[in-house]
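Heads up, the thing below is written out as structure tokens.
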Amino acid sequence: MKTKPFNPFDYMETQEEINEFLVDCFNDYDPKVFIGALNHLVKKHGVADIAESIGVNRESLYRSFNGKVSPRWD
């Protein structure tokens, strides 16, 4: 059987569902939960599209979520 990586955003239909999920992840005691959620969101929409919409270059955004560094928002 062939499987593909799970992405919770594949199963959300409204922006409200996405927002609630992100808020729940942000409020988790482990900051890695929120970072993981952002990683899934970036993969869902594509690194290039997200980078363009937030005004950063694609390479910087990709490095932030490649698993080798831990992005910070402080």
Side-chain angles (χ1 to χ4, degrees):
M1 173 179 3
K2 189 171 185 171
T3 62
K4 67 177 191 167
F6 175 77
N7 188 329
F9 294 102
D10 289 340
Y11 304 94
M12 296 181 197
E13 297 179 1
T14 66
Q15 187 63 47
E16 184 176 313
E17 288 176 306
I18 293 169
N19 293 348
E20 286 178 21
F21 179 74
L22 289 172
V23 168
D24 287 344
C25 291
F26 181 79
N27 289 326
D28 192 277
Y29 70 93
D30 184 356
K32 291 178 184 176
V33 172
F34 183 63
I35 292 168
L38 291 177
N39 187 17
H40 286 300
L41 187 62
V42 167
K43 287 179 180 176
K44 173 72 176 171
H45 291 285
V47 175
D49 290 342
I50 297 290
E52 182 179 334
S53 69
I54 64 174
V56 299
N57 74 37
R58 183 186 58 79
E59 292 81 15
S60 294
L61 185 61
Y62 179 76
R63 278 194 303 265
S64 296
F65 293 103
N66 68 4
K68 295 178 183 175
V69 297
S70 183
R72 296 173 38 176
W73 59 88
D74 56 345

Next on the checklist: Tell me whether the count of non-hydrogen atoms from other residues, nucleotides or ligands lying under 6.0 Å of CD in Glu17 goes above 12.
Outcome noted: yes
Next on the checklist: Please determine whether residues Phe26 and Val33 belong to a single hydrophobic cluster, defined as Ile, Leu, Val, Met, Phe, Trp and Tyr linked transitively by side-chain heavy-atom distances below 4.5 Å.
Outcome noted: no
Item to check | Those residues that, when tested against Asn27, pass side-chain contact (heavy atoms from CB on, under 4.5 Å) (two or more places apart) | outcome: Val23
Item to check | Listed partners of Val47 passing side-chain contact (heavy atoms from CB on, under 4.5 Å), at least two apart | outcome: Val42, Arg58, Leu61, Tyr62
Checklist outcome for this item: Those residues at least two apart in sequence (or on a different chain) that pass side-chain contact (heavy atoms from CB on, under 4.5 Å) with Glu16 are Thr14, Glu20
Item to check | Chi angles and distances behind the side chain to side chain contact (heavy atoms under 4.5 Å, CB included) call for Leu38, Phe34 | outcome: CA-CA 6 Å; Leu38 291 177; Phe34 183 63; 3.5 Å; yes
Checklist entry - Using a side-chain heavy atom cutoff under 4.5 Å and only I, L, V, M, F, W and Y, what cluster partners does Phe6 have? => result Tyr11
Item to check | Gln15: partners by side chain to side chain donor-acceptor pair (under 3.5 Å), with sequence neighbours left out | outcome: Asn19
Checklist outcome for this item: Minimal heavy-atom distance between Ala37 and Phe9, with the atoms involved, is O-CE1, 3.2 Å
Checklist outcome for this item: Residue set satisfying side-chain contact (heavy atoms from CB on, under 4.5 Å) with Asn57, at least two apart, ordered chain then number -> Glu59, Ser60
Checklist entry - Pairs in or reaching into residues 34-48: which pass side-chain hydrogen bond (donor to acceptor under 3.5 Å, both in side chains), with residues at least two apart or in two chains? => result Asp10-Lys44
